[in-house]
2 protein chains.
Amino acid sequence: MAMNLKSLSVLLGLSQTTISRALNGYPEVSAQTRRRVLDAVRETGYRPNRAAQRLATGKAKSIGLVMPVGLVTESDVHFGEFLEGLSSKAVAYDFHFVMNPSLPGEEETTFRRLAASGTVDALFLASVRADDGRLAMLQSLSVPFIVHGRSIGVPMDYPYLDIDNTKAFYTATRLLIQLGHTRIALINGPEHLTYAIRRKRGVVRALADVGLILPDEAVQHSVMTDDYGFQGMQRFLTLDEPPTAVLCSSTVLALGAVRALNEAKLKIGRDVSLIAHDDVLPMLKPEHFSVPLTTTRSSLRAAGARIAERLIGPLLGLCDYPRQELWETELIVRDSTGPAPL
Amino acid sequence: MAMNLKSLSVLLGLSQTTISRALNGYPEVSAQTRRRVLDAVRETGYRPNRAAQRLATGKAKSIGLVMPVGLVTESDVHFGEFLEGLSSKAVAYDFHFVMNPSLPGEEETTFRRLAASGTVDALFLASVRADDGRLAMLQSLSVPFIVHGRSIGVPMDYPYLDIDNTKAFYTATRLLIQLGHTRIALINGPEHLTYAIRRKRGVVRALADVGLILPDEAVQHSVMTDDYGFQGMQRFLTLDEPPTAVLCSSTVLALGAVRALNEAKLKIGRDVSLIAHDDVLPMLKPEHFSVPLTTTRSSLRAAGARIAERLIGPLLGLCDYPRQELWETELIVRDSTGPAPL
DNA sequence: CAAATTATTCAAAGCGCTTTGGGCGTTAGA
DNA sequence: TCTAACGCCCAAAGCGCTTTGAATAATTTG
C-alpha cells in the first residue's frame with residue numbers, strides 16, 4: 001500500500017542509501033541518478049515517513065506550543081492572531097507545529113512530556129505570569145524555547161520576545177496628562193499576567209511624575225472580551241469622580257467600553273478620552289470605531305512570525321538571532337483623545 | 001541524557017518487553033512488577049519516544065489540520081473559535097494535532113504529504129467550496145477524515161458535520177417577511193464557500209415563497225470582518241430603495257453594519273431590522289450590542305469539539321458515530337428586528 | 001507425582017529512515 | 001607505470017519502541 005524507501009529502492013534498482021542521499025541533497029550522487037530518483041518519487045508519490053525520519057535523525061522538525069484551554073479561555077482572538085503569524089513562518093521552513101491544548105494545572109506536565117518524548121525540537125511559552133515557575137522548568141528541559149512576554153521577579157536569563165508594555169502605557173498616559181486629564185482609569189488584562197502588570201506600572205509611573213496616583217477603583221483586571229470592557233466602563237461611570245480618560249489593554253475591551261459610553265450618552269474624545277492597545281487584529285481596526293481610537297500599536301501577528309523564525313532558525317543552523325528582543329510600540333493619535341473637560 | 005526503554009530495562013533488570021507491557025496496560029505482567037515499573041518511570045521521568053512509538057505501531061495519535069494561510073486570512077476569529085473546541089477534546093484523548101499552515105494553492109499537496117508521510121491518522125477539512133476537488137482527493141487518500149461543512153455539486157458520500165445554513169437563513173428571512181419587510185439584503189461570507197451559498201439560497205427561497213426576489217445589488221459577498229460589514233451596509237443605504245432589513249452571516253459583519261447604521265442615524269429594529277448568524281464567539285455576544293441582535297445561533301466551538309470526537313473516537317475503537325450530521329440552528333429574537341417601517 | 005495449564009518474563013524481529021564505513025572503477029599526481 | 005584521490009554506490013548498523021514466539025517458573029489437574 002504505502003510506498004516506502006525499500007520498495008522504491010527495489011523499483012529503481014538502487015540502494016536505500018543512494019535514494020536517501022539523492023533526496024536529501026547530498027553531493028555524492030550523480031546528477032543522472034538524482035534525476036531518476038526524483039522522477040520516481042514524483043510518479044509514485046513517495047513521501048518519507050516522518051516518524052522514521054525523526055527516529056533516525058533525532059530531529060522532529062516541529063515546534064510545540066502549549067495552548068491554554070479551560071474554563072476561561074484567555075484572549076482567544078489575540079491568541080488566534082498570534083498563531084497566524086507563527087504558522088505563516090513555520091510553513092516557510094517546512095516545520096509544523098503541534099498544538100497541545102492543556103488545562104491550566106497540567107501545563108507543566110504537558111511541557112515535560114513534549115520535551116521528554118521528543119515530539120518537538122523547540123517549545124514556545126506565552127501568557128507569562130509574575131514569578132512564573134514554568135520558566136525555570138523550561139530552562140531545565142534542555143529543549144530550546146522562546147517566551148512571548150517576559151516574567152517579573154525571575155532573575156534568570158532566558159530568550160524572549162516582548163513589547164515594551166510599560167513604556168507604551170507610560171507614553172499613552174503622559175499624553176492624557178498633557179491633555180489635562182487627571183482622573184484616569186485602566187481596563188486591563190488578567191491581573192496575574194505580566195503584560196498587564198507592566199501596563200499598569202506604566203500608567204502609575206506617568207501619573208506619579210506629576211504627583212498623581214492611580215486609585216484601586218480606577219483599575220479593572222479581567223479577561224479581554226467586550227463584556228468586561230463594557231462592565232468596566234460602566235462601573236467607572238458610577239464612581240463619585242468618574243475618570244475623564246480611560247486606557248484599555250485591547251481594542252476588544254475598547255469595544256465594550258465604547259458601548260458603555262454610548263449608552264451613557266457620553267461623547268468619546270470630548271467627555272471621555274479613550275486610548276487602547278492595538279494588537280492589529282484585522283477584524284477590529286481602531287480606525288473603524290465610530291470615533292477612531294487613539295492606540296498604542298504592536299502587531300501580534302508579527303510577533304508570532306518573529307518567534308517562529310527565532311525558534312526554527314537555530315535548528316537549521318541559521319544563527320545570529322538576538323536572544324532577547326523588546327519591541328517598541330507606536331502611539332497613534334486619532335479622535336478618541338481630546339482635552340479634558342472642564 | 002534522555003532516558004529510554006533500554007536504560008530503564010537495565011536499571012530495573014527487566015526486559016524491554018515487560019516494561020512496555022507494564023506501561024501499556026497488558027495483563028501478562030504481575031502486579032508487583034507493574035508497580036516497580038511505574039515507580040521507576042515516575043522517578044526517572046521516562047517518556048516513551050513518540051516517533052518510535054509511531055514507527056512501531058503505525059499510529060500517530062495525532063490529527064492533521066490544514067490551516068488556510070495567505071493574503072486574505074479568512075475568518076480568523078471564527079477559525080480560532082473552532083480550534084478551541086477541537087483542542088479541548090483532543091487533549092481529553094491524549095491526541096495532539098498538527099497544524100499545517102498552507103497557502104491556498106498548496107493545500108492539496110499538504111494533504112497528500114501529511115497522509116503519505118504518516119504524520120497523522122486523520123484529517124480535517126474546512127472552508128468547503130462548491131465542487132470542491134479536495135473532497136475526492138481526501139477520499140482517495142485512505143486516511144479517515146471529516147469535513148466541516150459540505151460541498152455542493154459533489155455526488156460523493158463523505159463524512160461531515162454541518163449546520164443547516166439554508167434553513168437557518170430561510171427561517172430568519174421568513175421572520176422578516178412576516179414582520180412586513182419586502183426589501184431585504186444580505187451581507188454574506190465569501191462567495192465560493194458553501195455555507196455562504198446555502199445561506200443565500202435560504203434567503204432566496206423565503207422570498208420566493210411570497211413572490212419576491214433577492215436582487216443582486218442587495219447581496220454582498222466578502223470576508224467576514226467588520227470592515228466589510230460596514231462597507232456593505234453603507235452601500236445598501238445608497239440604493240434607490242434601500243433595504244429595510246439586512247441579514248449578516250456573522251456577528252462580526254454585524255458589528256460593521258451597526259456602525260454604518262449609527263452613522264446614518266438610523267435606528268436598528270425600527271428603521272432597519274438586522275439578523276445575524278451567531279457563531280457564539282465569546283468576545284462578541286449579540287446580546288451585548290447596543291441594540292441586542294436577533295440571531296441564528298450555532299456554536300462553532302461545539303462543532304470543533306464534536307469533530308474532534310468523531311475523528312478520534314473511531315481510531316480508538318469507540319465506534320457508533322453518525323457518518324453525517326446536520327445541526328439545526330436556533331433563531332433567537334432580540335431587539336434588532338421589528339415591523340417594517342411604513 | 002507426572003502432565004497439563006497458567007502466569008511471567010524474555011530474546012529477537014521488525015517499523016522506515018539516516019548514516020557510517022567500506023568497495024569498486026576512474027582519473028589525477030608523481 | 002604505480003599509487004593516491006575521487007566519484008558513486010552499497011551493505012549494515014542503528015534510532016526507540018511494540019509485538020511475536022518461546023522459554024521458564026508456578027499452579028493445577030488427573
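Each chain gets a letter, A, B and so on, in the order its sequence line appears, and its residues count up from 1.
In this structure, a donor-acceptor pair under 3.5 Å is absent between the side chains of B/Ser20 and B/Thr17.
Seen from the ring of B/Tyr160, B/Arg150 counts as a face-on cation partner, given the 6.0 Å and 45° thresholds.
Remark: aromatic rings of B/Phe124 and B/Phe82 are close, center separation under 6.0 Å.
Under the 4.0 Å criterion applied to side-chain N and carboxylate O atoms, B/Glu108 and B/Arg134 are not assigned as salt-bridge partners. The pair B/Asp39-B/Arg36 does not count as a salt bridge, with every side-chain nitrogen at least 4.0 angstrom from each carboxylate oxygen. Looking at B/Arg301 and B/Asp279, no side-chain N of the basic residue comes within less than 4.0 Å of a carboxylate O on the acidic one, giving no salt bridge.
Summarising the geometry, the separation between CD on A/Glu28 and C1' on C/dG22 is reported as 13 Å, rounded to the nearest angstrom. Nucleotide D/dA26 holds its P atom 13 Å from the CD atom of B/Gln32, rounded to whole Å. Across the protein-nucleic acid pair, B/Leu14 atom CG and C/dA7 atom C1' stand 15 Å apart, rounded to whole Å.
The one candidate from A/Leu315, A/Leu316, A/Asp121 that meets the side chain to side chain contact (heavy atoms under 4.5 Å, CB included) condition with A/Lys59 is A/Asp121.
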Task: Heavy-atom protein contacts under 4.0 Å, nucleotides 14-22 of chain D, coded B base, S sugar-phosphate only, - none - done: BBBBBBBB-
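Helix-axis bend for the helix from C/dC1-D/dG30 to C/dA30-D/dT1: the local axis fitted to the five terminal pairs at one end deviates from that at the other end by 50°, rounded to 10°.
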- [ ] For the pair A/Lys61 and A/Asp94, evaluate salt bridge (Lys or Arg N to Asp or Glu O under 4.0 Å) and give the outcome as yes or no after the intermediate values.
- [x] CA-CA 8 Å; A/Lys61 292 247 284 186; A/Asp94 185 31; 3.3 Å; yes
